Protein chains: 2
Amino acid sequence: MKRAPKAGVAPKMDIRNVASRARVSIATVSRTINHVPTVAPALAARVWKAVEELNYFPNTQARALVSGRSRLLGLIVSEITNPFFPELIQEFENVAVERGYEILIGSTNYDVKKTESCVRRMLERKVDGVAIMTFGIEELLLDRFAAGDIPTVFIDLGPNNPRSTTLVVDYRQGIYEGIQHLAVLGHRKIGFISGPLKMRSAQTRKAAFIDCLRAIGLTADSAWMVEGDHTLDGGRDAMQRILALPEWPTAIMCSNDMTAIGVQHELFEAKLRVPDDFSLIGFDDIHLAEYTIPPLTTVRMSCKDLAYAAVTDLISNLDPEGTPPPSKPSIPTHLIVRQTTGLPRNALSDLAHGKKSKARAELAK
Amino acid sequence: MKRAPKAGVAPKMDIRNVASRARVSIATVSRTINHVPTVAPALAARVWKAVEELNYFPNTQARALVSGRSRLLGLIVSEITNPFFPELIQEFENVAVERGYEILIGSTNYDVKKTESCVRRMLERKVDGVAIMTFGIEELLLDRFAAGDIPTVFIDLGPNNPRSTTLVVDYRQGIYEGIQHLAVLGHRKIGFISGPLKMRSAQTRKAAFIDCLRAIGLTADSAWMVEGDHTLDGGRDAMQRILALPEWPTAIMCSNDMTAIGVQHELFEAKLRVPDDFSLIGFDDIHLAEYTIPPLTTVRMSCKDLAYAAVTDLISNLDPEGTPPPSKPSIPTHLIVRQTTGLPRNALSDLAHGKKSKARAELAK
DNA sequence: CAGTTTCGTGTAAACGTTTTCTCGCTAGCA
DNA sequence: TGCTAGCGAGAAAACGTTTACACGAAACTG
């Protein structure tokens, strides 16, 4: 018999090579590498040795084909270029890999066609489950996954399919903290830039905003609630629209950080200052938020928590007999105060110059 | 015979169902859906009709298993949370999908262990090819892919394996434009924050910087060339180190935009102003660069071009007989001037206060 | 010590495709 | 009309696994 072939040249290593080299059957090899406990230690050792020497690794496709499980988890996000999602993806992947799964990423870009192809790919690749983190997906998708009897996790909204769970995020807490923070500073006129309202979750956040405002004794002025689209450009445009209004709010709350950064930029272009002219609060607390100029006050939603909850739910739903979704605490949110919030501009100019009239005139304009 | 079952309930549709419904053999179904031209139109029509009615789609795994081709392209990036990469991923995916491929993403996070597992996954999932866009990957990986005889595309550096091509980026052009721009403004003292120097490509960019400096008649002061790590935090830290120096440069060039944003932040914290106190140039031109405060002057490297070149190379290398890598122009780069570059701070104070002599002295040195 | 479990291993049948090979039919040519 | 090509379609063999099943040996039980 020849010496062990150099590892790495790898002329099509399959389970049979391993079996013959370890002088066992392929079934034993399979059982060994799958950690079936009934394999005799002596044989297992031989198998592992052979695996090592031939540096064999199983063919995922064959494995999936016969076992019916791909060990692949789909993750559908809105837009991969929005930094929140890469952070989420990373956390999601960490948790998934830890549990022995890999992930397949799909980005819808808010486009129906792209979304369709995304779903199709997930179905074709036979994902074992899919997390839909797109903060609003057309209903039709649910059906597709339900039809394939694939477990799903949704965020905020979701079908009442037994194979599907929905994660609930406690938007209210963070938004409430934000509004209270603004109120304490003296703000009474607070605007809101939402996500695309065709998304249910954008509506949820907006509703939470309105409720919190009310809880604190203020009412929402609908002129100051404008629709954005969760992008930099959208934030910029939304702020332009607010600046075109006859009366300005003194603070703006945004439904995500990218929007807030867009707003900051627009304010910079308009030679207005943050927080002197406008206070600003974002949402998500992406890593970048700490680095904006000035650093962004924002509501943190832990994507670590989100990812963990999503993967856990998915996997527990995989084995139909398994433990039913283990309790479901809502994902918490809370305010991170940085430097984009301050006293409202009239208060400030009052303090600085004592010239009330000028400020009033400006405001009236 | 029953009516067509409602599409969507899908009780395990396989090729046999289609075959029997179309009253042909499974071979004919296979040929039809793979567009083999020898199928008689009449039969093909029946097949398509059945496919439609049963809404059948082929099992990717079975297909891959027998054909030996997964129609999967690996894409390994440094760090998915660096916004440059999501932009690249998006473009890459667009091109890949257009050509009928899907992508599997791996993020190394500059971590050997993660990189290993990344490669392993790619190998296990039997990617048809892999693009290594990590701007510096440990050499061991090359061998792994070479061993599997998998086509690869590298950036900047690469092995001289026939199955592997390397994309060359014309860093010099953009960096030269940047330095020239600074020189015209009057800058003579230009610092550079590189990527992690253990990466070959970080070295490449640094070398390009030094060369360009020389080409313009300046020499690089090694004290002003500090090592960063392509992250926000790294940029911040690097700038801290520069600020601790006895003498400061008047302009800083960064080897990517995230670094530049970190620098901007540090300058903000130190109450220094951009571009009045420091001019700043980034690299990559991520979308965010337009939104920093002030907007970042940067060198654009089109990730669209990069993605297109990578996918094209990969696919042309897939069919061994196919056209050999079709010409290889280098990826161009060029300067985008925004608002982080201006006159150097002494020039500025000269203009403001009319102190020429001091500036001259400074310049002569 | 015979009979019955228990246990560990091997044999073989799936899994859903692609693809080679074969075969029957039609058409072309002599 | 008879023979050969050519062509389209079906039968069957892969692809590399997992897993149900069978089977022999060892370990109990009575």
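Since we're looking at a predicted model, the values are computed, not measured. The basis for the numbers below is simple: all heavy atoms, side chains too, and nothing from hydrogens, waters or symmetry mates.
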- Begin from the C-alpha positions of B:S78 and B:T134 and carry the test side chain to side chain donor-acceptor pair (under 3.5 Å) through to its verdict. CA-CA 4 Å; B:S78 309; B:T134 171; 3.2 Å; yes
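- Using a 4.0 Å heavy-atom distance criterion, B:A27 is classed as a base contact.
- Considering only side-chain N and O atoms, A:T28 lies nowhere under 4.0 angstrom from the phosphate OP1 or OP2 of C:dT9.
- Ranked by how close their nearest DNA chain D nucleotide is to the 5' end, B:V39 and B:A62 are led by B:V39.
- Counting to the nearest Å, the C1' atom of C:dT19 and the NE2 atom of B:H35 are 18 Å from each other.
- Taking atom CG of residue A:D14 and atom P of nucleotide D:dG16, one finds them 5 Å apart after rounding to whole Å.
- Counting heavy atoms from C-beta outward, B:V130 and B:V119 have side chains that stay 4.5 Å or more apart.
- Across the interface with DNA chain D, nearest-nucleotide mapping of A:R16 and A:R31 shows A:R16 to be the residue nearer the 5′ end.
- Nearest-nucleotide positions on DNA chain C for A:R23 and B:S67 put A:R23 closer to the 5' end.
- Rounding to whole angstrom units, CZ of residue B:R63 and C1' of D:dT17 are separated by 20 Å.
- The separation between B:Q61 atom CD and D:dG16 atom P is 15 Å, rounded to whole Å.
- Among the atoms of the strands shown, only primed sugar atoms or phosphate atoms (P, OP1, OP2) are found under 4.0 Å from some heavy atom of B:T38.
- In this structure, B:L65 places its CG atom 12 Å from P of C:dT19, rounding to the nearest Å.
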- Carefully, step by step, assess B:E93 and A:R121 under the rule salt bridge (Lys or Arg N to Asp or Glu O under 4.0 Å). CA-CA 13 Å; B:E93 174 163 34; A:R121 274 165 29 208; 3.1 Å; yes
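- In this structure, of D:dT17, C:dT18, D:dA9, it is C:dT18 that holds the atom nearest to the side chain of B:S30.
- D:dG16 atom C1' lies 11 Å from atom CG of A:N17, rounded to whole Å.
- Between B:N59 and C:dC15, a side-chain N or O to OP1/OP2 separation shorter than 4.0 Å is absent.
- Between B:R69 and B:Y101 the shortest heavy-atom distance is NH2-OH, 2.8 Å.
- The nearest whole Å value for the distance from the CZ atom in B:F57 to the C1' atom in C:dG16 is 13 Å.
- Atom CG in B:N34 sits roughly 11 Å away from atom P in C:dT17 (whole-Å rounding).
- In this model, the phosphate group of C:dT11 is not approached by any side-chain N or O of A:S25 to a distance below 4.0 Å at OP1 or OP2.
- Taking every heavy atom of both residues into account, A:R99 and A:I315 meet most closely at CB-CD1, 3.4 Å.
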